[in-house]
Every structure is written in structure tokens, then in C-alpha cells.
Protein chains: 2
Amino acid sequence: MRYFLVLAEELHFWRTSEKVFMSQSSLSRQIQGLEEELGFKLLERDKRNVKLTEAGKFLQKRWRELLDDMDRAQTQAKKINMGSSGLISIAYPGSISSSFLPELLRTFTAEMPEMKMELVEPTDATNEKLLLDYHIDIAFSRDSVQHPALSSKKLYSEPVCLVVAENHWLNENTYHDFKSLENESFILSGLHHTTFFATLLRRIFTTYGFEPKTHVETDFGGLILNLVANGLGISILPYSFQFGSYTGVRFINLQEEVDLYVNWRKKDENEVIEKIIQHSEALGEKIKARIIL
Amino acid sequence: MRYFLVLAEELHFWRTSEKVFMSQSSLSRQIQGLEEELGFKLLERDKRNVKLTEAGKFLQKRWRELLDDMDRAQTQAKKINMGSSGLISIAYPGSISSSFLPELLRTFTAEMPEMKMELVEPTDATNEKLLLDYHIDIAFSRDSVQHPALSSKKLYSEPVCLVVAENHWLNENTYHDFKSLENESFILSGLHHTTFFATLLRRIFTTYGFEPKTHVETDFGGLILNLVANGLGISILPYSFQFGSYTGVRFINLQEEVDLYVNWRKKDENEVIEKIIQHSEALGEKIKARIIL
DNA sequence: CACCTCTAATCCGTTTTTTGCATTAATACA
DNA sequence: TGTATTAATGCAAAAAACGGATTAGAGGTG
């Protein structure tokens with residue numbers, strides 16, 4: 001199967017055989033054997049060209065996923081065998097990268113400096129699947145996951161805020177009605193995405209019955225704040241962004257709130273994960289106390 | 001790995017070797033080889049007893065899942081190779097088993113009698129994961145799935161209804177306020193579940209500020225209707241239950257609505273699935289027309 | 001304590017599978 | 001027509017898997 005996956009990329013027996021350090025004849029036989037065992041051809045080949053069959057295309061994709069899962073299972077087992085030390089993988093929404101996450105990492109690396117944490121870039125897979133397939137160990141998210149094999153705990157709720165430049169006409173006193181922002185230029189994080197926060201944004205705008213004028217879209221909150229500070233538009237971000245050390249912007253609370261959840265595998269006899277969750281809860285309480293409505 | 005999975009069940013080399021049709025010596029070597037490759041022990045064995053290590057327990061569970069996935073991948077590939085004929089697996093919420101589903105199956109088996117359909121019992125895994133792992137091909141559900149590799153389409157919305165016995169004091173005219181049902185005895189489908197419908201039910205009751213008195217809980221809609229007809233209580237069910245041929249009950253529309261979605265893998269070059277989806281949409285329209293608000 | 005039983009590991013010869021070299025066969029291209 | 005390219009095949013060597021017989025250690029029994 002591993003040979004096949006390389007071959008499916010190369011579509012060339014001889015080049016593939018070099019890549020996997022074996023002779024061309026042996027590779028040819030291996031693929032034949034595999035096809036015989038499966039009962040159908042994975043590749044169409046005349047004497048000159050090689051190309052994947054439909055079934056072959058499917059198995060290329062699926063086997064790569066599954067062999068990755070196999071490798072991860074092995075890694076995970078090794079961790080368990082060694083007393084679950086080493087590496088914790090964490091997925092997170094961009095909106096906590098300026099306040100919650102740095103603080104969590106700071107307190108945690110102070111306590112367990114030998115522990116390595118991997119911050120996983122948000123992909124298109126859901127946190128649920130990532131957890132269940134052992135891609136990650138902990139997921140922070142704006143909505144809770146539902147799967148019965150997973151645990152989910154709300155850490156805190158926070159308002160979402162209008163963010164404007166310091167010299168902008170809007171402030172707590174001049175802001176009365178969301179509808180009055182119809183002519184403002186917005187800088188928003190990926191409205192087209194399927195994330196919970198983007199969905200919330202869409203809901204706000206449909207509730208108030210207008211489409212925001214957006215000239216820039218970016219996912220990186222820090223960049224948004226810079227753009228806002230430079231008078232390029234206004235934005236909507238979770239409250240906790242103001243805990244970051246950004247200057248030149250003003251936050252105005254809105255009615256809407258977002259939550260932050262931690263999610264993890266229910267039975268994962270890894271005390272490090274438990275410790276991180278405890279830390280997260282404590283930190284959640286601290287942040288809760290810092291929010292002024 | 002397959003040997004290991006049997007051994008992990010039996011915890012006995014000789015019995016295992018018989019089950020997998022090989023000698024005890026060879027099995028012993030295979031397991032040793034596997035452990036050596038992994039770099040850690042899967043089983044603790046003294047001369048008398050065999051038991052799994054923690055890592056072994058984990059891999060037993062995970063490998064079984066993944067080897068199942070491997071088998072399913074192969075089956076799926078074979079289907080693709082043969083032009084995707086054969087078997088379609090469908091997951092569904094219990095609430096469509098009395099109206100939508102039978103009609104769909106009837107029209108479909110009439111058109112393609114050689115096609116086999118498998119109705120998958122709802123498990124604790126989410127439809128999303130079941131689709132992505134090729135456990136099922138189509139999922140009907142009360143909420144749409146979000147994963148970017150999956151398609152989701154709303155078929156219709158229907159009210160949820162109070163269901164009472166024919167001789168019950170409640171009817172369209174006497175019903176005014178949900179709150180007035182506080183003293184009624186309810187027969188409800190698994191309130192404690194995490195299904196979308198159960199969540200809706202909980203939301204209704206929390207909105208109106210009382211806990212329903214429930215003496216019976218069951219998931220089987222048909223049974224609920226029988227119990228209601230026999231005066232054992234009242235219930236709340238989706239509108240379409242009244243398309244079933246039940247007598248002795250009366251339906252009273254409530255404000256709340258539930259949707260029905262079809263969900264499937266986006267790129268699944270199986271024209272049978274597409275056909276089922278088309279049929280479902282058509283049937284959805286038909287049902288929509290039959291709903292009298 | 002001597003003896004038997006049970007069971008996983010090990011020794012060793014046999015069988016099966018995998019691999020590589022050399023060659024073949026089929027195709028494309030000049 | 002001739003040459004280069006490339007997948008398949010014949011064959012022998014190497015590696016891996018396998019089975020029978022035996023060993024080793026633990027537990028039980030009289």
C-alpha cells in the first residue's frame with residue numbers, strides 16, 4: 001500500500017522503484033499482487049503510460065488518510081507506553097491567540113518546561129474528527145462539540161465588540177443602533193467561512209438587515225486591529241482582543257456574546273491533558289473577572 | 001495486527017493460534033516481531049498469563065476501528081470499480097420512519113429493484129463521521145452537517161405537534177398556551193439524548209419554564225402514538241407522523257418547526273446516490289404541500 | 001519434595017514470499 | 001527502420017513466515 005501511494009503520485013514504475021529503494025521488477029510484482037488480492041486493477045497501464053483507475057484514485061486518497069491514522073495511532077500508543085509524556089497538540093480559534101492562549105502557554109510551560117505543545121493550524125476538518133482521529137489532543141472552540149466520546153466544557157462567555165480607530169466618531173456614547181453602521185467600511189475575518197464566529201457575524205448582519213461593505217478580509221486578528229487603528233475601517237471582534245497590547249483602537253461592547261469551550265477525549269488517561277484543562281478553567285475564571293460589561 | 005486483535009481478545013497464545021489457523025510458535029514470533037517494530041510491548045506475559053499493556057489496550061481499540069475502515073475502503077473501491085452498483089447505506093432519524101422513509105424506499109425500489117438499501121440504526125457516532133468514514137452513504141437528519149467535504153440540503157420544514165388522544169380535552173380550539181400543559185403527563189422520546197430533536201424538546205420546555213412530567217420515555221414513535229391513543233399521556237412529535245396510519249390520536253400544531261436534511265459526500269461519483277437525493281427532494285416537495293398549518 | 005501440567009519461548013529445517021538481475025515485449029518517436 | 005523508453009517476466013538468491021519438536025518456567029498435586 002505504501003508503494004502504491006508513491007506510485008500513484010509518480011505514475012512511473014521505474015522512478016517509483018528508486019524512491020522506495022527497490023527494483024522495478026519487484027515493485028511491478030508487488031502492485032500486481034496487491035491488485036490480485038483486491039480483485040480489481042488500481043492502475044491502467046499500457047507499455048508506455050500509467051494512470052490510475054477510478055477505484056485507484058479513491059484508494060489513493062483513502063489509504064493515505066488511513067495510513068496516516070495508523071501512524072498516529074502508533075505514536076499515540078508510544079506516548080501511552082512512555083507515560084504520556086512529550087507532545088500535546090492543540091487546535092484553537094484565531095480569536096484566542098492574543099489573550100487566552102499566550103497566557104495559558106506561559107503558565108503551563110513555566111510549570112512543565114519539558115512538555116512540548118503543538119499548536120495546530122485550523123484546517124477544514126472539524127475539531128470533532130480531529131480529536132477522534134488523534135490528530136489533536138485538545139481543541140479550543142467557539143461552539144461545543146457534541147460527540148458522546150468527547151467532553152466539552154464552557155470556559156467563559158464574552159461580548160463581541162465593535163472595534164474602531166481611536167479618533168473615530170463612534171464611542172460608547174455615540175453608538176446607539178447597529179443599523180446606523182450601514183455606511184461604515186468593515187474589515188472582517190472570513191465571512192465566507194463556516195466557523196462559528198463567521199456564522200455569528202453573518203447572523204448579526206442579517207438580523208440588522210444590511211450587508212457590510214467590506215474591502216478587506218483577513219483571518220489574522222492582529223492585522224485587523226492594525227488596519228482599524230490606521231483608519232481603514234471598523235471591525236467586530238471578541239472582547240478579549242483588548243487584553244492584547246494594541247494601541248490606537250477603541251472597543252465598544254455589543255449585545256451578542258460568544259463562548260469559549262475546551263474539548264477533549266473523554267477517556268484519555270493522560271494527566272497532562274487534565275492539567276491543561278484545569279489551567280484553562282482557572283484562566284477562564286480570571287478572564288471572566290476582567291470583562292467589564 | 002489481525003493476529004494481535006484476536007490474541008487481545010483471547011489472551012491465550014495457543015487458543016489464538018488455532019483460531020487464526022497457524023502454529024503457536026509462529027504466532028509467538030509474529031507478535032514479537034510486531035512489538036519489536038513498534039518499539040514497545042503490547043502484552044505482559046509471564047510463563048503462565050497474558051495480559052494487555054496500556055498501549056496494547058489502546059491499539060486494540062484503535063486498530064480494530066482502523067482495520068474496519070480499511071475493509072470498508074476496499075469495499076467502497078470495489079463498488080466504484082463495478083460502477084457503484086449494489087448497496088447504499090442510509091442513516092435516518094426515527095421521526096421519518098413513518099412517512100418520509102417508507103415512501104422514499106417504495107418509489108426507489110420500484111425504480112431500481114436490483115438495488116439494495118441498508119438502513120443503519122442510529123449509533124452514538126455522528127452522521128458526519130459516519131459519512132466521512134464510509135460507514136454510510138446518505139444521512140437524513142434534523143440538523144445539517146457542516147463539514148466542507150459533505151453536502152447538505154434542506155428538504156422541508158414541518159411544525160412539531162402536540163399529540164393527544166382523540167377524546168382528550170385538548171384540541172385546536174381549547175389549546176392556547178403551552179404553559180397550560182404543565183400538569184399533563186408527557187410521553188417523550190429520549191429527553192436525555194443529544195439528538196437535535198431532543199434538544200429542541202428541552203428548549204421548548206425551558207422556554208416555557210416547566211419540567212414535563214414524564215412517566216414513559218421511548219424512542220419509537222409508533223409506540224408513543226399507541227400509548228397516547230390509549231390515554232396514557234400526551235406527546236410532542238413532528239407533523240409528518242400524522243401521515244402514518246394511526247388512529248385514535250389528534251395532532252395540534254405548535255409554533256416550533258423542525259427541518260429535514262439530506263447529507264452526503266460531495267464528490268461521490270455514484271449516480272445512485274444522486275438519484276436518491278433527487279427523489280428525496282421531490283418527495284420533500286410533496287410532503288411540504290401536504291402540510292396544513 | 002518429586003512429579004505432572006500448562007503455556008510461552010526457542011531451535012531448526014521447510015515452505016512461501018519478496019527481491020534483484022537480466023531479458024523480453026510492446027510502444028513511441030526520430 | 002532503428003532506437004529509446006518502460007512495464008512485465010524468467011529465474012535464482014535472499015528474506016520472511018511457518019510448523020514440529022523441544023525447552024523453560026510457573027503452578028498445582030499427592
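Naming convention: chains lettered A, B, ... in sequence-line order (proteins, then strands); numbering from 1 in each chain. Heavy atoms only: backbone and side chains are in, while hydrogens, waters and symmetry mates are out.
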Euclidean distance, atom CD of residue B:Q30 to atom P of D:dA17 [Å, nearest integer]: 5 Å
Which part of the nucleic acid, if any, lies within reach of A:Q32 when heavy atoms closer than 4.0 Å are counted: base, sugar-phosphate only, or nothing? sugar-phosphate
Under 3.5 Å: donor-acceptor pair, side chain of A:E128, backbone of A:L150: no
Expressed as a whole number of angstroms, how long is the span from A:L43:CG to D:dA8:P? 9 Å
Nearest whole Å is fine: how far is D:dA24 P from B:F13 CZ? 19 Å
Between B:W14 (CH2) and C:dT10 (C1'), how many Å, whole number? 19 Å
I need the CE-C1' distance between B:M22 and D:dA17, as an integer number of Å. 7 Å
Between C1' of C:dG20 and CD of A:E18, the distance in whole Å: 14 Å
In whole Å, what is the span from the CD1 atom of A:I31 to the P atom of C:dT19? 11 Å
Select from A:D46 and B:S23 the residue whose nearest nucleotide in DNA chain D is closer to the 5' end of that strand. A:D46
If we ignore hydrogens and angles and just use 3.5 Å, is the side chain of A:K51 paired with the main-chain N or O of A:L11 as donor and acceptor? no
With respect to B:E9, which candidate in B:K19, B:R64, B:R15 satisfies the side chain to side chain donor-acceptor pair (under 3.5 Å) definition? B:R64
When you check the side-chain N and O atoms of B:S28 and B:Q32, is any donor under 3.5 Å from an acceptor? yes
Rounded to whole Å, the CZ-C1' distance (A:R29 to C:dC21) equals 12 Å
Has the side chain of B:S25 got a donor or acceptor atom sitting under 3.5 Å from an opposite partner on the base of D:dG19? yes
So what does B:Q24 hit on the nucleic acid, given a heavy-atom distance under 4.0 Å: a base, only sugar-phosphate, or nothing? base
Strictly below 4.0 Å: does A:Y3 bring a side-chain N or O up to OP1 or OP2 of C:dT18? no
